[in-house]
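Okay, structure first, notes after.
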Amino acid sequence: MPGLGVNIDHVATIRQARRTVEPDPVWAAVQAELGGADGITFHLRKDRRHINDRDARLLRATVRCKLNMEMSLDDEIVAIALEIKPDQATLVPENRQEITTEGGLDVLGHARRMAEVTKALQAAGVIVSAFVDPHRDQILASRQAGCDAIEIHTGRYANATGRAITETIEEIRSGLRAGLDAGLVVHGGHGLTYNNIAPIAALRGFCEFNIGHSIISRAVFVGLSEAVAEMKRLIDKSAGI
Ligand code: PXP
């Protein structure tokens with residue numbers, strides 16, 4: 001049964017719009033857990049544009065479900081991850097200009113660094129997942145680097161229209177199969193919404209979906225725990241639970 005990881009970065013983005021103390025992403029994590037979240041996801045970026053070091057530490061101290069830290073391969077960020085020890089680290093690409101994570105990680109191109117960071121995190125007891133496009137070579141490279149899991153980038157599917165929707169679902173389906181065949185745990189995320197989650201949650205084999213923007217957007221109107229509960233119900237229904 002696929003779990004739901006709620007990405008709370010956008011709560012911190014609202015706080016940073018005023019450089020003040022509210023809304024607090026740590027409160028958001030509590031509300032998400034009360035709504036039934038199976039995990040809390042945050043991205044500590046090098047530029048600290050939303051989540052900061054204080055948030056990361058408090059989340060580690062307070063979150064009771066799975067804590068998933070999205071992170072780049074940057075030395076400073078890796079050192080923080082080794083110190084706070086999230087339950088899971090999802091390795092993502094990061095560049096300064098992007099509005100959000102734009103593409104999957106080039107695991108093939110960073111094979112040595114990936115293996116080094118993966119080994120260090122695992123030695124600290126952290127599960128390691130790589131955020132990749134649904135491409136067989138990148139998925140196999142993640143396995144080669146020693147990762148426990150992959151998160152398949154669902155952004156192309158989320159942005160697709162017309163016939164391309166079916167094509168992108170097929171890409172995700174074959175990425176999911178390649179990941180499972182390689183012995184990896186498979187997650188999915190990016191751009192998933194209340195309107196587009198059903199066909200993806202219906203694919204057998206996903207272990208977890210990480211969803212942020214759509215849930216936080218709905219929370220503005222219905223509250224966060226209700227927004228999380230609604231997404232949980234949709235995932236369970238689409239997965240046939
Ligand atoms: N998964 C990863 C690896 C991400 O970088 C993000 C965005 O931070 C998400 C999932 C969530 O994406 P969205 O906010 O579009 O739901």
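Sequence positions, counted from 1, serve as the residue numbers for this chain. These numbers come from the heavy atoms of this one structure, side chains and all, not from hydrogens, waters or symmetry mates. Read the numbers this way: they start at 1 and go in the same order the structure lists the ligands and their atoms.
For ligand 1, the polar-atom distance check finds no N/O of Gly189 at less than 3.5 Å from any of the ligand's N/O atoms. For ligand 1, one of its N or O atoms has an N or O atom of Glu151 under 3.5 Å away. For a threshold of 3.5 Å applied to N or O pairs, the pair formed by Val92 and ligand 1 contains no separation below that value. Between His213 and ligand 1, an N or O atom pair is found at a separation short of 3.5 Å. Where the criterion is an N or O separation shorter than 3.5 Å, residue side chain and backbone included, His43 fails it with respect to ligand 1.
Listed by number with element, the atoms of ligand 1 under 4.0 angstrom from any heavy atom of Gly191 are 12 (O), 13 (P), 15 (O), 16 (O). Of all atoms in ligand 1, numbered sequentially from 1 with element shown, those under 4.0 Å from a heavy atom of Asn7 are 8 (O). Set against the non-hydrogen atoms of Phe131, the atoms of ligand 1 under 4.0 Å away are 3 (C).
Val220 belongs to a hydrophobic cluster whose remaining members, ordered by chain and number, are Phe221, Val222; membership requires side-chain heavy atoms of ILVMFWY residues under 4.5 Å apart, directly or through intermediates.
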- Phe209 vs His187, ring-ring contact (aromatic ring centres under 6.0 Å, His included): CA-CA, chis, key distance, verdict: CA-CA 6 Å; Phe209 295 111; His187 307 148; 9.2 Å; no
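Donor-acceptor pairing under 3.5 Å is lacking for the side chains of Glu151 and His190.
Proximity of the aromatic rings of His10 and His213 is defined here by a centroid distance below 6.0 angstrom, and this criterion is met.
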Tell me which donor-acceptor pairs under 3.5 Å the side chains of residues 107-125 have, and how far apart each pair is, sequence neighbours excluded?
residue: His110; atom: ND1; partner: Asp106; partner atom: O; Å: 2.9
residue: Arg113; atom: NE; partner: Leu73; partner atom: O; Å: 3.1
residue: Arg113; atom: NH1; partner: Glu116; partner atom: OE1; Å: 2.6
residue: Arg113; atom: NH2; partner: Leu73; partner atom: O; Å: 2.6
residue: Arg113; atom: NH2; partner: Asp75; partner atom: OD1; Å: 2.9
residue: Thr118; atom: OG1; partner: Met114; partner atom: O; Å: 2.6
residue: Gln122; atom: NE2; partner: Gly146; partner atom: O; Å: 2.8
residue: Gln122; atom: NE2; partner: Asp148; partner atom: OD1; Å: 3.3
residue: Gln122; atom: NE2; partner: Asp148; partner atom: OD2; Å: 2.9

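A donor-acceptor distance shorter than 3.5 angstrom exists from the side chain of Arg60 to the backbone of Lys85, with no hydrogens or angles considered.
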